[in-house]
Amino acid sequence: MDRRIFLRNLGLGVGAAVTAKDSLAGVISNSKNIIMENYQTLEFPALPFGYDALEPYLDARTMEIHYDRHHRTYFNNFVNAVKGTPWENVAVEKIFADISKAGDAIRNNGGGFYNHVFYWKNLAKASSGPSAELSAAIARSFGSFEKFRELLSNSAKTRFGSGWAWLYLTPDKNLTVASTPNQDNPLMDISPVRGIPLLTIDVWEHAYYLKYQNKRADFVDAIWNVLNWDEVNRRYKEATG
Ligand code: MN
């Protein structure tokens, strides 16, 4: 399939248009994963692996429905929501920084679009593990990797209803763990937890119910087998560089 991929590593800042008083502005302006295209010409981004790539931890049928139905619907609804609005050509991270002005359709569907692109990239069949730099930061912030794992897992397991658990970097460059409801994320100005996301776990029931049914905790424990630490390391380096 000849897909045009618009999620580019541009290496460009978007600085000037970001609200100066936003404490995250400097970090966001350094992001290298910004959608710079008109969303009306943006094709639905490809899944970076096959549906069965993460078996047995994430089953192929769940992956197919999650990507091709849930994620695609968020994407289509987001494209429709921004059409003809001032947000139509604005990088999605910058929309999030002003999401309180953009309305619920852009908030929910923009979050659903972006969070899933982010999630797919932080999953892989195999990866190297946390870098020396990230490991040191995890030890500073949480005491140990095992403590970090416990905190992120608990955040995912205890999120009431639908949402996402995150490892993120606060504006003062500390690693923190928290969850957000619905399709919110730490880049959104309405979020009580704010920072640069590094790693996420989708805890909507659609992410696990076919295989794990009501046992969200088993899904959360299993996902540690397929986290893409190469991508988390890259994000950490980018956010701290
Ligand atoms: Mn999902």
Side-chain angles (χ1 to χ4, degrees), residues 7 33 35 39 42-82 92-93 95-96 99 102 104-125 152-168 177-188 190-191 193 197-228 231-232 235:
L7 299 171
N33 295 290
I35 298 166
Y39 292 112
L42 179 64
E43 288 190 16
F44 183 48
L47 191 68
F49 40 73
Y51 294 136
D52 64 351
L54 308 179
E55 290 269 13
Y57 309 106
L58 299 184
D59 63 289
R61 185 68 174 144
T62 295
M63 288 302 307
E64 179 176 3
I65 295 171
H66 198 171
Y67 168 74
D68 199 47
R69 299 193 200 169
H70 292 279
H71 189 193
R72 187 186 293 277
T73 299
Y74 288 119
F75 171 75
N76 289 338
N77 289 345
F78 171 66
V79 169
N80 288 333
V82 296
V92 70
E93 291 94 336
I95 298 178
F96 293 154
I99 200 70
D104 285 348
I106 295 176
R107 172 180 173 179
N108 293 333
N109 293 295
F113 162 48
Y114 176 90
N115 292 351
H116 286 95
V117 171
F118 192 101
Y119 181 55
W120 308 138
K121 286 174 138 184
N122 81 206
L123 297 173
K125 191 177 184 86
L152 183 59
S153 294
N154 284 343
S155 184
K157 292 171 184 177
T158 59
R159 159 53 51 187
F160 185 77
S162 298
W164 299 75
W166 303 90
L167 169 69
Y168 63 99
V177 160
S179 68
T180 54
N182 304 316
Q183 295 294 352
D184 289 353
N185 66 51
L187 293 172
M188 292 183 173
I190 43 74
S191 179
V193 296
L198 302 176
L199 170 64
T200 194
I201 302 172
D202 185 346
V203 295
W204 282 62
E205 284 188 344
H206 67 230
Y208 61 86
Y209 208 85
L210 286 180
K211 181 177 175 71
Y212 296 94
Q213 292 84 47
N214 59 316
K215 292 173 276 190
R216 182 195 287 183
D218 290 356
F219 157 72
V220 171
D221 290 339
I223 207 169
W224 288 87
N225 293 290
V226 287
L227 293 181
N228 182 1
E231 175 66 7
V232 184
R235 287 175 181 154

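Values in this document were obtained by computation on a predicted structure and should not be read as measured data. In listed order, ligands and their atoms are each counted from 1.
Distances from the Mn ion (ligand 1) to each N, O or S atom of Asp202 single out OD2 as the nearest. Closest N/O/S atom of His66 to the Mn ion (ligand 1): NE2.
Among the backbone and side-chain atoms of His116, an N, O or S atom lies under 2.8 Å from the Mn ion (ligand 1). Metal site remark for the Mn ion (ligand 1): His71 contributes no N, O or S atom at a distance under 2.8 Å.
Using cut-offs of 30° and 60° on the angle between ring planes, the pair Phe78 and Phe113 is parallel. Using cut-offs of 30° and 60° on the angle between ring planes, the pair Trp120 and Tyr67 is perpendicular.
Annotation: side chain of Arg159 is in contact with side chain of Pro181 (closest heavy-atom distance under 4.5 Å).
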query = Is there a side chain to side chain donor-acceptor pair (under 3.5 Å) between Trp204 and His70 once you walk through the steps?
reply = CA-CA 11 Å; Trp204 282 62; His70 292 279; over 6 Å; no
